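Have a look at the structure below, then the notes.
Not measured: the values here are computed from a predicted model.
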Amino acid sequence: MVYYTEKTIREGHIMLEHLNPQLQIAVCDDETMDRQQAETLTTDIMTAEGLSCALSGFDSATALLSAIQGGAQFHILLLDVMMEGPDGMELAAALRKLGDGTAIIFISSNREMALRDYEVSAARYLAKPFRTERLREALLYCYKTFCEKKEILLPTEKGQSKLAPSGIIYVESWERGSRLQLTSGPIETSVKISELAAMLPERSFTFCHRTILVNLAFIKHLRSCEIELAGILPVSKHRVSDLKKRLLEYMQG
């Protein structure tokens, strides 16, 4: 967890990993206890869901806006509506005016403000005190709607090809790159399997073998040393337990 104040940003002591494949989530609340609770619950939920994330905390809308204007990028914003100075609603309006379409979850003890969240296309409005299940639903909704990659771009023999992760059955290391088995047939790319793993949705893909990345949606049967998809793939014995766990999590949504 990284925490930023207006003074920190004004003095230039802020550096976010823009190329980090993790989900970047910002929590903005001027009430320290409420902010810490949101941070803790968010971390616990994302960890339980198998989603890697990095949290940044801000004590004011001004601090968060300054960070974003300075180049910081976030996938999901948890904004307290009622804050001193510019409030969460004003911050959201400013971001939308800049063309920023980041997923926004409003949090507030003022239930009447929920009637205004449509003005800035907020994804969800959560009332304080937090209910874990409501926050989990909001975070997963934002992830699946705004963050989960719908297509990836890969160099192939046909040129730069757009592929939907949902159409990839599995990926295997192949000569100097990777070979993807798609629902439409096989295709090869110069991109290494380790790089592909970082590009694909973490909830849907996992390694069943050091050289094989599998789409959990296509697994029909899991046995002690192999899985059955459209065909049969080997499973490393030290990956069986993790694969069972990941498959169960995937099936539970």
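Side-chain contact check for T211 and H209: at least one donor-acceptor pair (N or O, by modelled atom type) lies under 3.5 Å.
Between S204 and N215 there is a side-chain heavy-atom pair separated by less than 4.5 Å. Contact check for I105 versus Y125: no side-chain heavy atoms found under the 4.5 Å cut-off. Here the side chains of P186 and Q181 are in contact, with some heavy-atom distance below 4.5 Å. Between L91 and P86 there is no side-chain heavy-atom pair separated by less than 4.5 Å. With contacts defined as side-chain heavy-atom distances shorter than 4.5 Å, the pair M46/I25 qualifies. S56 is listed as a side-chain neighbour of F58, based on a closest heavy-atom distance under 4.5 Å. Looking at R96 and I104, their side chains come closer than 4.5 Å, going by heavy atoms from C-beta outward. Here the side chains of L95 and T102 are not in contact, with every heavy-atom distance at 4.5 Å or above.
Between E228 and K220, none of the side-chain N atoms (NZ, or NE/NH1/NH2) sits under 4.0 Å from a carboxylate O, so this pair counts as no salt bridge. Between D34 and K128, at least one side-chain nitrogen of the basic residue sits less than 4.0 Å from a carboxylate oxygen of the acidic one, meeting the salt-bridge criterion. Using a 4.0 Å cut-off between charged nitrogen and carboxylate oxygen, R223 and E226 count as a salt-bridge pair. Using a 4.0 Å cut-off between a side-chain N of Lys or Arg and a carboxylate O of Asp or Glu, E133 and R136 qualify as a salt bridge. Checked for salt-bridge contact, R35 and E31 miss the test: no charged N lies under 4.0 Å from a carboxylate O.
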Open item on the list: Working note: S161 + T156, criterion side chain to side chain donor-acceptor pair (under 3.5 Å); need CA distance, chi angles, decisive distance, verdict.
Closed with: CA-CA 6 Å; S161 301; T156 69; 2.7 Å; yes

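By the 6.0 Å and 45° rule, R124 does not stack over the aromatic ring of F106.
The cluster map of Ile, Leu, Val, Met, Phe, Trp and Tyr, joined by side-chain heavy atoms under 4.5 Å apart, puts M83 and V27 in different clusters.
I212 and Y170 make their closest contact through CG2-CD1, 4.4 Å (heavy atoms, listed as atom of the first residue, atom of the second, distance).
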